[in-house]
There are 4 protein chains.
Amino acid sequence: MAAGEQRRTEIVAAAQQAIARQGFEGLRVRDVAALVGINIATLHYHFPTKEALVTGVVQGIVGALDGVLPSGPERDPATVLAEHLTHILTRFEADRDEFVVLNELYARAGRDPELHVTLLANDVAWADWLRAVFEAGRAREQFRADLDPDAAAALVIGFLKSLLVQLDMTPQRSRAAADEILRAVKA
Amino acid sequence: MAAGEQRRTEIVAAAQQAIARQGFEGLRVRDVAALVGINIATLHYHFPTKEALVTGVVQGIVGALDGVLPSGPERDPATVLAEHLTHILTRFEADRDEFVVLNELYARAGRDPELHVTLLANDVAWADWLRAVFEAGRAREQFRADLDPDAAAALVIGFLKSLLVQLDMTPQRSRAAADEILRAVKA
Amino acid sequence: MAAGEQRRTEIVAAAQQAIARQGFEGLRVRDVAALVGINIATLHYHFPTKEALVTGVVQGIVGALDGVLPSGPERDPATVLAEHLTHILTRFEADRDEFVVLNELYARAGRDPELHVTLLANDVAWADWLRAVFEAGRAREQFRADLDPDAAAALVIGFLKSLLVQLDMTPQRSRAAADEILRAVKA
Amino acid sequence: MAAGEQRRTEIVAAAQQAIARQGFEGLRVRDVAALVGINIATLHYHFPTKEALVTGVVQGIVGALDGVLPSGPERDPATVLAEHLTHILTRFEADRDEFVVLNELYARAGRDPELHVTLLANDVAWADWLRAVFEAGRAREQFRADLDPDAAAALVIGFLKSLLVQLDMTPQRSRAAADEILRAVKA
DNA sequence: TATGAATGAGAATTCATTCAT
DNA sequence: GATGAATGAATTCTCATTCAT
């Protein structure tokens with residue numbers, strides 16, 4: 001990686017950390033610069049405006065979301081679902097910061113049309129993928145015949161998105177909830 | 001209501017509106033004052049600091065959350081659950097702003113211990129109530145025997161909390177999801 | 001004058017002084033605030049932006065230009081011309097700063113269309129007035145028959161505008177030049 | 001011309017252009033570098049400071065002023081004057097930028113003693129030359145006997161210097177004014 | 001010569017808060 | 001209760017200049 005690119009990556013990482021700690025509300029470019037250990041003017045050399053820095057963070061986060069949805073279409077739906085839930089929960093437990101930033105981004109999307117478009121695309125892709133899993137599972141009679149794939153996708157996504165804002169959530173409860181999902185869809 | 005109390009209520013309402021529009025990130029006391037149509041110094045007369053104003057907003061929102069959970073314990077659990085879901089969805093559709101502010105509050109709770117305590121208390125009460133409903137339903141064999149009441153509560157709460165951040169959500173989809181919940185728990 | 005208006009007048013005067021000393025190039029709002037003896041934020045309370053302050057200065061200067069052209073149409077053209085020259089020269093000697101700022105404004109007009117329009121209107125009015133004086137003088141046979149009123153106006157205005165940028169100009173030379181004008185137009 | 005000298009010339013030309021467009025007020029070394037198509041550090045290699053660059057521009061402009069005053073003393077004064085006026089007007093119409101920069105320099109001279117000295121020398125030489133022309137013309141009885149050579153020189157220089165700041169000036173008017181000068185001095 | 005990266009010293013502007021009236 | 005004016009402490013951003021390569 002070129003030196004400049006490397007530096008920009010560092011800065012974005014620091015900005016993510018700052019947002020996770022203080023929210024967008026408390027994001028200060030000087031804090032980000034201090035976190036990286038560079039002069040504030042140097043930060044502005046790489047990201048001309050605070051807005052550009054935030055865009056960098058958004059791209060970083062959204063980029064990290066890619067690849068979350070496995071594409072192997074022929075696998076067992078129940079297993080795919082179980083693995084997906086486990087994957088997200090594990091990730092949540094491992095890197096809570098990422099979810100905090102994502103949560104801030106969703107809050108911001110309500111006032112930032114561009115961000116809304118970006119995140120909406122992600123949401124749609126996620127819902128599409130989950131729906132396909134539920135349809136496949138229903139077709140194989142693994143899942144309930146009266147399962148509404150679209151509604152089920154909304155429920156699963158909703159639960160996973162809410163992890164951060166269920167203040168009484170624990171790893172145990174989230175695992176139990178994931179198990180409950182698996183039972184609830186089973187034929 | 002005394003004149004002063006009346007004015008304070010106006011200011012809090014304006015602050016909620018401002019937060020719903022711009023987030024905490026964009027909350028400016030001068031904007032709130034302008035929204036009410038008073039001088040900024042007058043606002044500070046009623047709320048000495050911005051912090052006090054935010055506290056006022058939190059109290060307003062949390063106060064509005066009370067009474068959401070009906071206490072009649074002897075009623076039919078399936079009906080209670082259905083009504084609860086409908087109640088929240090209706091409320092969401094009617095006053096989205098309230099949910100936007102609440103969402104901002106949850107984001108803030110991660111960095112504000114005092115707010116965390118306040119909201120956690122609400123979450124716990126909500127989860128307790130829902131768990132009781134599920135337990136009652138299971139006892140009456142309305143709900144699945146293998147239903148985990150605590151996990152189911154987490155799922156329901158998660159879905160309802162996520163309404164705002166499911167960018168592709170529509171009234172139709174949310175109603176369908178509520179129906180799916182009712183089917184999923186049924187014995 | 002209201003307190004606020006008074007303060008704004010003070011600030012504009014200080015800004016004029018600052019521009020006369022340092023040019024637009026060296027104009028710093030903090031210096032203007034210091035000159036008035038107020039906090040820089042107070043200056044911004046009265047003039048939200050530097051641009052607004054400059055506009056205030058322009059209005060002040062242009063306002064001061066009004067009334068320079070006497071309107072008595074029936075007076076003796078040669079006398080009117082002589083008095084006009086004397087008036088401007090006296091004013092130049094008395095308040096050089098005003099001319100320095102005006103000169104800066106003309107330099108700026110080349111890049112600022114709005115300012116160009118404002119100053120052009122002044123120039124046109126001045127030229128119109130002088131032309132009328134020359135025409136009247138020619139009609140009375142005070143001035144040369146082959147005098148081109150428009151060209152003569154351009155020459156007089158040019159000389160008066162150039163006072164500041166003729167670095168070797170002295171009160172004596174400028175008075176002598178004024179006398180030369182009077183001789184040159186005489187029949 | 002050595003490669004380095006060539007590059008310095010390019011840079012000075014770009015700086016002149018930048019000053020003509022934006023004034024000293026808006027002169028940015030990075031803009032000049034961009035105009036030349038080089039890195040800002042490369043510009044600083046050739047001109048260590050912004051001040052040095054401005055000095056380069058001043059030298060370029062002042063250098064271009066040399067040779068404006070023809071030295072043939074024995075020629076016909078009326079013709080010399082006419083040609084001088086035409087020469088300057090033609091030059092003004094052909095390269096307005098040069099006059100814009102010169103105008104900026106004169107504005108600056110009021111605050112920059114060194115620049116004042118440089119430009120004053122030019123002014124004095126110009127006035128001396130014109131005075132000599134007027135004296136010669138008077139001696140030959142081409143010009144009016146009561147013509148004050150020094151005052152006439154001040155008027156002519158003043159008019160020529162004011163071309164840029166007479167916002168309603170046109171090539172036609174300036175030519176007519178030159179003709180008026182010739183008539184006004186004639187015996 | 002040339003450049004990408006870095007920086008110190010400002011620059012305008014914002015904002016919550018205060019105070020005299 | 002209400003307000004215009006004032007302010008200290010940031011905050012983002014700019015800019016000439018430097019330095020390692």
Side-chain angles (χ1 to χ4, degrees), chain A residues 2-8 10-11 26-33 36-54, chain B residues 2-8 11 26-33 36-54, chain C residues 2-8 11 26-33 36-54, chain D residues 2-4 6-8 11 26-33 36-54:
Chain A
E5 193 55 37
Q6 164 69 26
R7 191 32 58 102
R8 270 184 285 280
E10 268 183 279
I11 293 171
L27 180 63
R28 299 291 176 262
V29 300
R30 74 166 56 174
D31 293 347
V32 176
V36 180
I38 58 176
N39 187 284
I40 201 175
T42 302
L43 190 152
H44 271 98
Y45 173 78
H46 292 286
F47 293 92
T49 65
K50 188 181 182 179
E51 179 65 24
L53 177 56
V54 169
Chain B
E5 192 57 33
Q6 165 68 28
R7 184 56 25 126
R8 270 185 286 281
I11 293 171
L27 180 63
R28 302 286 176 266
V29 300
R30 70 174 54 181
D31 293 347
V32 175
V36 178
I38 59 176
N39 187 282
I40 207 175
T42 304
L43 189 149
H44 270 95
Y45 174 80
H46 292 288
F47 293 91
T49 66
K50 188 181 185 180
E51 180 63 23
L53 176 57
V54 169
Chain C
E5 194 55 37
Q6 165 68 26
R7 193 31 58 103
R8 271 183 285 281
I11 293 171
L27 180 62
R28 300 287 175 264
V29 300
R30 72 169 58 176
D31 292 348
V32 176
V36 180
I38 58 175
N39 187 285
I40 201 176
T42 303
L43 191 151
H44 271 98
Y45 174 78
H46 292 286
F47 293 92
T49 64
K50 187 181 183 179
E51 178 66 22
L53 176 57
V54 168
Chain D
Q6 165 67 27
R7 179 70 7 137
R8 268 184 288 280
I11 293 171
L27 180 63
R28 301 286 177 267
V29 301
R30 71 174 54 180
D31 292 347
V32 176
V36 179
I38 60 177
N39 187 281
I40 207 175
T42 304
L43 189 151
H44 270 95
Y45 174 81
H46 292 289
F47 292 92
T49 66
K50 188 182 186 179
E51 181 62 25
L53 177 57
V54 170

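Below, chains carry the letters A, B, ... as their sequence lines are ordered, and counting in each starts from 1.
Along DNA chain F, the nucleotide nearest Arg8(C) and the nucleotide nearest Glu51(D) are compared for position; the residue whose nucleotide lies closer to the 5' end is Arg8(C). Taking for each of Val29(C) and Gly37(A) the nucleotide of DNA chain E with the nearest heavy atom, the 5'-most of the two is the partner of Gly37(A). Of the residues near DNA chain E, Ile38(A) and Thr49(C), the one whose nearest nucleotide (by heavy atom distance) lies more toward the 5' end is Ile38(A).
Considering only residues two or more places apart in sequence or on other chains, Ala41(B) meets the side-chain contact (heavy atoms from CB on, under 4.5 Å) condition with Asn39(B). Shown here are the side chain to side chain donor-acceptor pair (under 3.5 Å) partners of His46(D), two or more places apart in sequence or in another chain: Arg8(D).
Lys50(C) NZ to His44(C) NE2: the interatomic distance, rounded to the nearest 0.5 Å, is 9.5 Å.
The footprint of chain D on DNA chain E, defined by a heavy-atom cutoff below 4.0 Å, extends from dT1(E) to dG4(E).
Listed by residue number, Ile40(B), Ala41(B), His44(B) are the residues of residues 39-48 of chain B with a heavy-atom contact under 4.0 Å to DNA chain E.
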Pair up each side-chain donor or acceptor in residues 26-33 of chain C with any protein partner under 3.5 Å, not counting sequence neighbours, and list the distances.
| from | atom 1 | to | atom 2 | distance (Å) |
| --- | --- | --- | --- | --- |
| Arg28(C) | NH1 | Glu25(C) | O | 3.4 |

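Closest approach of Ile11(B) to Ile38(B), counting heavy atoms only: CD1-CD1, 4.0 Å.
When rounded to the nearest whole Å, the span between CZ of Arg30(B) and C1' of dG4(F) equals 13 Å. As rounded to whole Å, 11 Å separates atom C1' of dC15(F) from atom CZ of Arg28(C). Atom CG of Leu53(D) and atom P of dC15(F) are 15 Å apart (whole Å).
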Bracket notation of DNA chain F in which parentheses pair within the strand, [ ] cross earlier pairs, and | pairs with another strand (Watson-Crick or G-U, under 3.5 Å)
.||||||||||||||||||||

